[in-house]
Amino acid sequence: MKDTFYITTTLPYVNADPHIGFALELVQTDIIARAQRLSGKDVFFNTGTDEHGQKIYQKAQEERKDPQAYVDEFAARFGLLKEALNVSYDSFSRTTDPAHIASAQEFWRKCDAAGDIYKKNYKVKYCVGCELEKTDSELEDDRCPLHPDKELEIREEENYFFRFSKYQDKLLALYKENLDFVVPDMRLREITKFVERGLQDFSISRLKAKMPWGVPVPGDPDHIMYVWFDALVNYISAIGWPSDMEKFEKWWPVVQVAGKDNLRQQAAMWQAMLMSAGLLLSRQIIIHGFITSGGKKMSKSAGNVINPFDLVEEYGTDALRYFLAREVNPFEDSDVTMERFKEAYNANLANGLGNLVSRIMKMVTSYDVRPELPSEEDVLADDQTGVKDILNELSNFSFQKAADGIWAEIGNMDFFIQSTQPFKLIKTDEKKAKEYVEVLVIKLWYVAIMLTPLLPTTAEKIKSAIKNHEMPEPLFMRK
RNA sequence: CGCGGGGAGGUGUAACGGUUGCACAUCGGGCUCAUAACCCGAAGGCAGUGGGUUCAAUUCCUACCCCCGCAACCA
């Protein structure tokens with residue numbers, strides 16, 4: 001079995017500040033990456049930013065900025081998530097990077113050589129009121145909601161199209177033969193149904209005269225690649241395709257983590273593009289749900305936006321990681337409110353884990369218990385400790401189940417202290433008391449190792465306190 | 001008949017063809033090592049509604065009601 005593992009998030013589009021939905025995707029991906037590393041795999045973890053396209057171009061113009069300066073600024077803001085969420089990515093890909101641009105162009109040539117790219121007239125609906133092109137989903141009753149009294153103009157332009165329709169059967173075969181190609185199941189069913197209904201070729205270029213901010217189409221100076229086409233190629237450009245094929249071969253294929261809004265693009269369009277270019281398909285697509293706030297989609301106007309940086313500021317990195325891993329359903333939409341966050345924080349981190357560490361380490365240090373600890377490597381290799389099971393669950397996206405298992409163990413340990421009462425026994429039977437505390441600290445050692453992918457900093461603090469035989473600072477203060 | 005997801009104690013949620021589990025909140029008891037934390041116990045759900053399959057359904061099927069996403073070039 002290949003002992004390398006390549007995983008990536010989607011690249012968020014940089015027309016707004018990072019929000020908690022993307023934080024969810026990053027943390028989920030990071031947990032899997034860390035669990036795989038602990039299991040002994042050689043891991044490559046990619047994320048980055050998608051920086052081309054009309055919306056960015058417009059925004060930059062509105063703010064009277066050079067598009068590159070504009071995206072540089074946003075890329076830096078997304079880069080701050082690395083530290084805020086303590087994510088262990090190996091590569092931060094930006095689609096404006098020259099190597100990526102060259103890769104996207106080579107990819108285009110491959111698809112073109114396969115006969116899958118052709119020119120066609122593309123009809124767009126244009127609202128003269130807004131002076132903007134409109135898509136069907138932006139319209140109400142086939143009219144611009146902002147200018148319902150004005151007729152929409154139909155404008156035509158020549159675009160390049162990708163022969164998506166050609167790959168319908170191959171895609172269906174892929175889904176049928178590879179039942180965990182998309183997880184969860186319901187998303188595989190959803191994409192299968194979608195493809196069964198028939199595919200339309202999609203436009204993959206824009207006129208440069210209208211929208212210059214993108215990757216130039218090879219051999220046609222009048223056209224710019226449509227942002228989707230360019231952005232998807234990042235998954236292979238990030239690992240060296242085509243300039244460093246040795247690196248590419250080492251890591252490809254990829255496990256992709258994406259939101260449910262990205263199902264089609266990742267599980268169908270991108271796979272068809274890979275087929276066209278003659279590359280191996282992705283290994284697996286994991287589709288997470290959305291985070292809602294107060295039962296509603298987060299929006300500035302509703303005033304219910306939850307900013308990941310604010311949560312980290314108030315509760316800390318590991319508290320946010322904990323919440324996203326355990327209190328949020330990895331596949332379904334989940335509601336997040338500040339109340340719920342605080343409740344989960346106090347119950348499980350302050351009163352649960354944090355308090356347990358304090359009570360055990362207090363006894364360890366005052367009774368001077370110095371157990372022999374198995375090495376971390378030995379614990380990871382031992383089937384009996386339950387650590388392996390936890391890592392497996394984390395690798396298989398069962399974040400909640402893994403966390404439930406760890407917190408059940410925390411509960412057991414609190415119960416063990418209560419029922420053996422070493423703090424009382426120390427006065428009458430010192431040897432026995434110390435034996436109990438020794439059992440506890442070894443169990444805590446295992447717990448710390450299990451926690452590593454979920455709460456890396458906290459796990460490190462616990463391990464360090466145990467190894468150094470010292471009372472740690474409180475891990476999570478009550479709020 | 002466009003596609004898909006969901007309706008469970010005060011709130012939020014998990015699993016499951018055969019005593020509904022967990023967290024928070026509430027009530028009673030215990031402990032003092034600990035972050036007024038921890039442990040034990042109690043109360044609280046006819047599992048949206050009607051029908052069906054089954055020895056047995058919250059779990060499978062079906063109809064209806066309600067909520068939520070998506071419906072392609074919007075990344």
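Excluded from the calculations below are hydrogen atoms, water molecules and symmetry mates; all remaining heavy atoms, backbone and side chain alike, are included. Proteins come first, then strands; the chains are lettered A, B, ... in the order of their sequence lines, and each starts at number 1.
Summarising the geometry, the separation between CD on Glu327(A) and C1' on G12(B) is reported as 9 Å, rounded to the nearest angstrom. Following rounding to the nearest Å, Ile410(A) (CD1) and U35(B) (C1') show an atom-to-atom distance of 14 Å. The distance between atom CD1 of Ile287(A) and atom C1' of C70(B), rounded to the nearest whole Å, is 13 Å. One interatomic measurement links the two molecules: CG of Asn346(A) to P of C24(B), which rounds to 10 Å at whole-angstrom precision. For the pair Met273(A) CE and C73(B) P, the computed distance is 17 Å after rounding to whole Å. Protein atom CG of Asn329(A) is 13 Å distant from nucleotide atom C1' of G12(B), rounded to whole Å. Protein atom OH of Tyr436(A) is 19 Å distant from nucleotide atom P of C39(B), rounded to whole Å. Taking atom CD1 on Ile291(A) and atom C1' on G69(B), their separation rounds to 15 Å, with Å as the unit.
The phosphate of A23(B) has neither OP1 nor OP2 within less than 4.0 Å of any side-chain N or O from Asn348(A).
Counting non-hydrogen atoms under 4.0 angstrom, Phe415(A) reaches the backbone sugars and phosphates but no base. Counting any heavy atom pair closer than 4.0 Å across all strands shown, Leu11(A) reaches a base atom. As judged by a 4.0 angstrom heavy-atom cut-off over every strand, Pro472(A) is placed among residues making no nucleic acid contact. Tyr226(A) comes within 4.0 angstrom of sugar-phosphate atoms only, judged by non-hydrogen atoms across all strands, and of no base. Gln265(A) comes within contact range of the sugar-phosphate backbone alone, with a heavy-atom separation under 4.0 Å but no base atom that close. Within 4.0 Å (heavy atoms only), Asp261(A) reaches no atom of the nucleic acid at all. Gly198(A) comes within 4.0 angstrom of a base, heavy atoms only. Residue Leu263(A) is out of contact with every strand shown, counting any heavy-atom pair closer than 4.0 Å.
Taking CZ of Phe416(A) as the start and CD of Gln421(A) as the end, the distance is 12.0 Å to the nearest 0.5 Å. One finds the CZ atom of Arg321(A) at 10.5 Å from the CZ atom of Phe399(A) (value rounded to the nearest 0.5 Å). In this structure, Leu207(A) CG and Asn159(A) CG are separated by 6.5 Å, a value rounded to the nearest 0.5 Å. To the nearest 0.5 angstrom, Lys65(A) atom NZ is 10.0 Å from Lys59(A) atom NZ. How far OG of Ser203(A) is from NZ of Lys119(A): 12.5 Å, rounded to the nearest 0.5 Å.
Between A72(B), A14(B), A37(B), one nucleotide has an atom nearer to the side chain of Arg478(A) than all others, and that is A37(B). Among the nucleotides A14(B), C73(B), G69(B), the one closest to any side-chain atom of Lys260(A) is G69(B). Comparing U35(B), A23(B), A37(B) against the side chain of Ala347(A) picks out A23(B) as the nearest. Residue Ala350(A) has its side chain nearest to U35(B) when only A72(B), U35(B), C73(B) are considered.
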Worksheet item: RNA chain B in dot-bracket, Watson-Crick or G-U pairs under 3.5 Å, [ ] crossing, | other strand?
Response: .((((((..((((....[..)))).(((((.......))))).....(((((..]....))))))))))).....
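By the 4.0 Å N-to-carboxylate-O rule, Asp368(A) lies too far from Lys434(A) to be salt-bridged with it. Ionic pairing of Lys166(A) and Asp201(A) is not present here: no N-O contact between side-chain nitrogen and carboxylate oxygen is shorter than 4.0 angstrom. Of the charged side-chain nitrogens involved, at least one lies within less than 4.0 Å of a carboxylate oxygen, so that Lys443(A) and Glu409(A) count as a salt-bridged pair.
Rounded to whole Å, the separation between the C1' atoms of A42(B) and C55(B) comes to 35 Å. Nucleotides C67(B) and A15(B), compared at atom C1', are 23 Å apart to the nearest Å. A72(B) and G2(B) are spaced 14 Å apart, taking the C1' atom of each and rounding to whole Å. One P atom belongs to U20(B), the other to A47(B), and the distance between them is 11 Å to the nearest Å. Taking atom P in both G52(B) and U59(B), one finds a spacing of 14 Å when rounded to whole Å. Rounded to a whole angstrom, the distance from the C1' atom of G44(B) to that of U26(B) is 10 Å. The gap from the C1' atom of G29(B) to that of A43(B) amounts to 15 Å, rounded to the nearest Å. A36(B) and U11(B): their P atoms are spaced 30 Å apart (whole Å).
With Phe162(A) as the fixed residue, the ring-ring contact (aromatic ring centres under 6.0 Å, His included) test singles out one of Phe202(A), Phe107(A), Trp270(A), Tyr226(A): Phe202(A). Partner of Thr8(A) under the side chain to side chain donor-acceptor pair (under 3.5 Å) criterion, out of Asn234(A), Asn46(A), Thr29(A): Asn46(A) alone.
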Fill in: Footprint string (nucleotides 27-34 of chain B, 5' to 3'): B base within contact, S backbone only, - free, heavy atoms under 4.0 Å
---BSSBB
Item to complete: Could you encode protein contacts along nucleotides 2-11 of chain B as a string, one character per nucleotide from 5' to 3', using B for base contact, S for sugar-phosphate-only contact and - for no contact, with a heavy-atom cut-off of under 4.0 Å?
Response: --SS------
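A side-chain donor-acceptor contact under 3.5 Å links Thr10(A) and Glu25(A). Side-chain contact, Asp72(A) with Gln68(A): a donor N or O sits under 3.5 Å from an acceptor N or O.
The residue among Asp333(A) and Phe202(A) whose nearest nucleotide of RNA chain B is located toward the 5' end is Asp333(A). Place Phe476(A) and Asn351(A) on RNA chain B by their nearest nucleotides, and Phe476(A) ends up nearer the 5' end.
In this structure, Lys55(A) fails the cation-pi test against Tyr13(A), since its NZ or CZ atom is not both closer than 6.0 Å to the six-membered ring centre and inside 45 degrees of the ring normal.
Between the side chain of Gln168(A) and the backbone N or O of Val195(A) there is at least one donor-acceptor pair closer than 3.5 Å.
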